[in-house]
Amino acid sequence: MKASSEAVLPIPQALIEEMRKTEQNPKYHAEGNVLNHTLMVLETFQADKEKFLLDESDEEVLYWAAILHDVGKPRVTKWVGGRWKAKGHEEAGIPIARNILLQRPDISPVQRRRILDLVKYHSIPLQWGLYHRPMADYKHLATRTDLRMLGIFAYFDIQGRDCVDKENVLGIIQNFNEHIYPQVQYEMGTFADIQSTYQKASHQKKNALWQATKFEDVKLVEKLLKASPQQMSVPSARCVMTLSKTHSPLKAAHVSAYYGDHVRYEADLLPLDYADKHDKENQLRQMKHFISVYSRGKKNMLLDGSFLHVETRVYMMEYARNLGAHIQYLFFEEDDDATHRPMLDYPHPWEAHTVEVIQASVGA
């Protein structure tokens, strides 16, 4: 297949040049460098998209996923054991892709999350198929991202490369699209159905769904999703956590305008990595004491978290959940260079009771 012209790629020229210079293992990418592969995937999408039932929103997501899914490869590709390897390119591509998408005011936060999910998980249908992962793993992933879109994109990704045993590889993707995803949909519903059920659930049911997901108890997740609506309960207090880049002007302005009456804890002062175990325990003890005092006093709290370590964030939010608090995330999306530190991650949709995304205006 002849690749499309690189002129069609709406990404920085410097990135295009990096992709052109990044070689791939010819066993799986005989078409050559990352740029060649990207152009072939985009051409496959444009030629074959009519084979799937896609609305305009779906097409936008798949178009951008085709362009951005391998932008992390220039950052991580290394010559190892006599061949090119790009381990971790999916995660490495997230901040690059997100910064590009943030320059597009026409792309909504919901669409951006859908696109970035494909960047992050696009290797799964093939990798999990090769290793025969159990159905429970797919169901667990279905609570986090849209398996239907993942399978469709995997088809474009594989068709847009020249690899050994391509017929067998396409068979794995076909099995994902024709058997694995339909079974997940039949037993759990579509991704939209699953998230809608969560949003309409009571406070207790949301807590139960999150706990079942955390412990990967798929049977309990299915049971809870199908359970009748419960009587709504009233949380004891609201515990708001900010997720943002460090020293975010957007966050400072928003918090000042809308959350000035919340009791504030500077969780951002906690280090990402603790050299001393006792220091970590002391810091966590202080935050737990803060949450405990104000939750029991039914006071609304604001934990200014920014790049708080994921495990620490989840631990503290679960502590607040257990005290009956309503957990809310304020996710501030801004350009960010995550080269030298952990990237601000997208939490599981059920990690908080509600998530509000606040985006900076382009050029602000």
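Atom set for the values below is all heavy atoms of this structure, side chains included, hydrogens, waters and symmetry mates excluded.
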Applying side-chain hydrogen bond (donor to acceptor under 3.5 Å, both in side chains), run through Q328 and R238 and close with a yes or a no. CA-CA 7 Å; Q328 178 180 351; R238 182 176 298 274; 2.9 Å; yes
How far apart are the closest heavy atoms of [X] and [Y], and which atoms are they?
{"X": "A92", "Y": "V76", "answer": "CB-CG1, 3.6 Å"}
{"X": "I172", "Y": "G129", "answer": "CG2-CA, 3.7 Å"}
{"X": "L323", "Y": "S292", "answer": "CD1-CA, 3.6 Å"}
{"X": "P109", "Y": "E333", "answer": "CB-OE1, 4.2 Å"}
{"X": "I173", "Y": "P125", "answer": "CD1-CB, 4.0 Å"}
{"X": "M19", "Y": "I67", "answer": "CE-O, 4.4 Å"}

Hey, mind stepping through H326 and T354 against side chain to side chain contact (heavy atoms under 4.5 Å, CB included) and telling me if it holds? CA-CA 8 Å; H326 176 92; T354 57; 3.2 Å; yes
Is there a side chain to side chain contact (heavy atoms under 4.5 Å, CB included) between L303 and T242 once you walk through the steps? CA-CA 6 Å; L303 304 183; T242 62; over 6 Å; no
Please answer whether the main-chain N or O of [Y] pairs with a side-chain N or O of [X] as donor and acceptor at a distance below 3.5 Å.
{"X": "H69", "Y": "A65", "result": "yes"}
{"X": "S256", "Y": "A252", "result": "no"}
{"X": "T143", "Y": "H140", "result": "yes"}
{"X": "H179", "Y": "F176", "result": "no"}
{"X": "Q24", "Y": "N33", "result": "yes"}
{"X": "Q111", "Y": "S57", "result": "yes"}
{"X": "K205", "Y": "L224", "result": "yes"}
{"X": "N300", "Y": "H262", "result": "no"}
{"X": "T213", "Y": "L209", "result": "yes"}
{"X": "S295", "Y": "I291", "result": "yes"}

Between [Y] and [X], is there a salt bridge with N-O shorter than 4.0 Å?
{"X": "E222", "Y": "K219", "value": "no"}
{"X": "D106", "Y": "R104", "value": "yes"}
{"X": "R313", "Y": "E351", "value": "yes"}
{"X": "R20", "Y": "E18", "value": "no"}

Test Y315 against Y319 for ring-ring contact (aromatic ring centres under 6.0 Å, His included), laying out the working first. CA-CA 6 Å; Y315 177 78; Y319 182 77; 7.2 Å; no
Side-chain contact test, heavy atoms from C-beta onward, threshold under 4.5 Å: evaluate it for [X] versus [Y] and give yes or no.
{"X": "L15", "Y": "I100", "result": "yes"}
{"X": "L141", "Y": "T145", "result": "yes"}
{"X": "E318", "Y": "Q211", "result": "yes"}
{"X": "L126", "Y": "V169", "result": "yes"}
{"X": "W84", "Y": "K78", "result": "no"}
{"X": "W350", "Y": "Q195", "result": "yes"}
{"X": "I124", "Y": "E90", "result": "no"}
{"X": "M241", "Y": "M317", "result": "yes"}

Transitive ILVMFWY side-chain link [X] to [Y], under 4.5 Å:
{"X": "L101", "Y": "L62", "answer": "yes"}
{"X": "V357", "Y": "L118", "answer": "yes"}
{"X": "M287", "Y": "L243", "answer": "yes"}
{"X": "Y28", "Y": "L170", "answer": "no"}
{"X": "V110", "Y": "Y198", "answer": "no"}

Check: [X]/[Y] side-chain N/O donor and acceptor closer than 3.5 Å:
{"X": "D70", "Y": "T38", "answer": "no"}
{"X": "D193", "Y": "T190", "answer": "yes"}
{"X": "S248", "Y": "E334", "answer": "yes"}
{"X": "Q359", "Y": "R112", "answer": "yes"}

Taking NZ in K87 as the centre, count heavy atoms belonging to other residues, nucleotides or ligands within less than 6.0 Å. Is the count above 12?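 At most 12 heavy atoms, drawn from other residues, nucleotides or ligands, come within 6.0 Å of this atom.
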Tell me if the NZ atom of K166 is crowded by more than 12 foreign heavy atoms within 6.0 Å.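 Yes, the 6.0 Å shell around NZ holds more than 12 heavy atoms from other groups.
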Relative to each other, are the rings of [X] and [Y] parallel, tilted or perpendicular (30° and 60° limits)?
{"X": "H37", "Y": "H29", "answer": "perpendicular"}
{"X": "F153", "Y": "F156", "answer": "perpendicular"}
{"X": "H254", "Y": "Y259", "answer": "tilted"}

Quick one, R148 with Q185, criterion side chain to side chain contact (heavy atoms under 4.5 Å, CB included). Give me CA distance, side-chain angles, the key distance, then yes/no. CA-CA 9 Å; R148 171 180 171 267; Q185 179 185 4; over 6 Å; no
Here's a test for you: under salt bridge (Lys or Arg N to Asp or Glu O under 4.0 Å), which of E59, E56, E43 qualifies with K49?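 Of the listed options, the one satisfying the test is E59.
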Distance (rounded to the nearest 0.5 Å) between I11 CD1 and N99 CG: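 It comes to 13.0 Å.
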Hey, what do you get for CZ (F45) to CG (L54), rounding to the nearest 0.5 Å?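 If I round to the nearest 0.5 Å, the distance is 7.0 Å.
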For the aromatic rings, using the six-membered ring if either is Trp, is the centroid distance between W210 and H348 under 6.0 Å?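 For W210 and H348, the ring centres are under 6.0 Å apart.
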Establish, yes or no, whether a centroid distance under 6.0 Å links the rings of F331 and Y346.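 Close enough - the centres of the two rings lie under 6.0 Å apart.
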So Y155 and F52, ring-ring contact (aromatic ring centres under 6.0 Å, His included) or not? Walk me through it. CA-CA 11 Å; Y155 168 83; F52 303 92; 5.5 Å; yes
With side chain to side chain contact (heavy atoms under 4.5 Å, CB included) as the test, would you mind laying out the steps for L330 and K251 before giving the verdict? CA-CA 9 Å; L330 298 180; K251 177 183 67 176; over 6 Å; no
Does anything in residues 113-130 pair up under salt bridge (charged side-chain N to carboxylate O under 4.0 Å, His left out), and if so which pairs, sequence neighbours excluded?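 Pairs touching residues 113-130 that pass the test: D58-R114, E91-K120, R113-D117.
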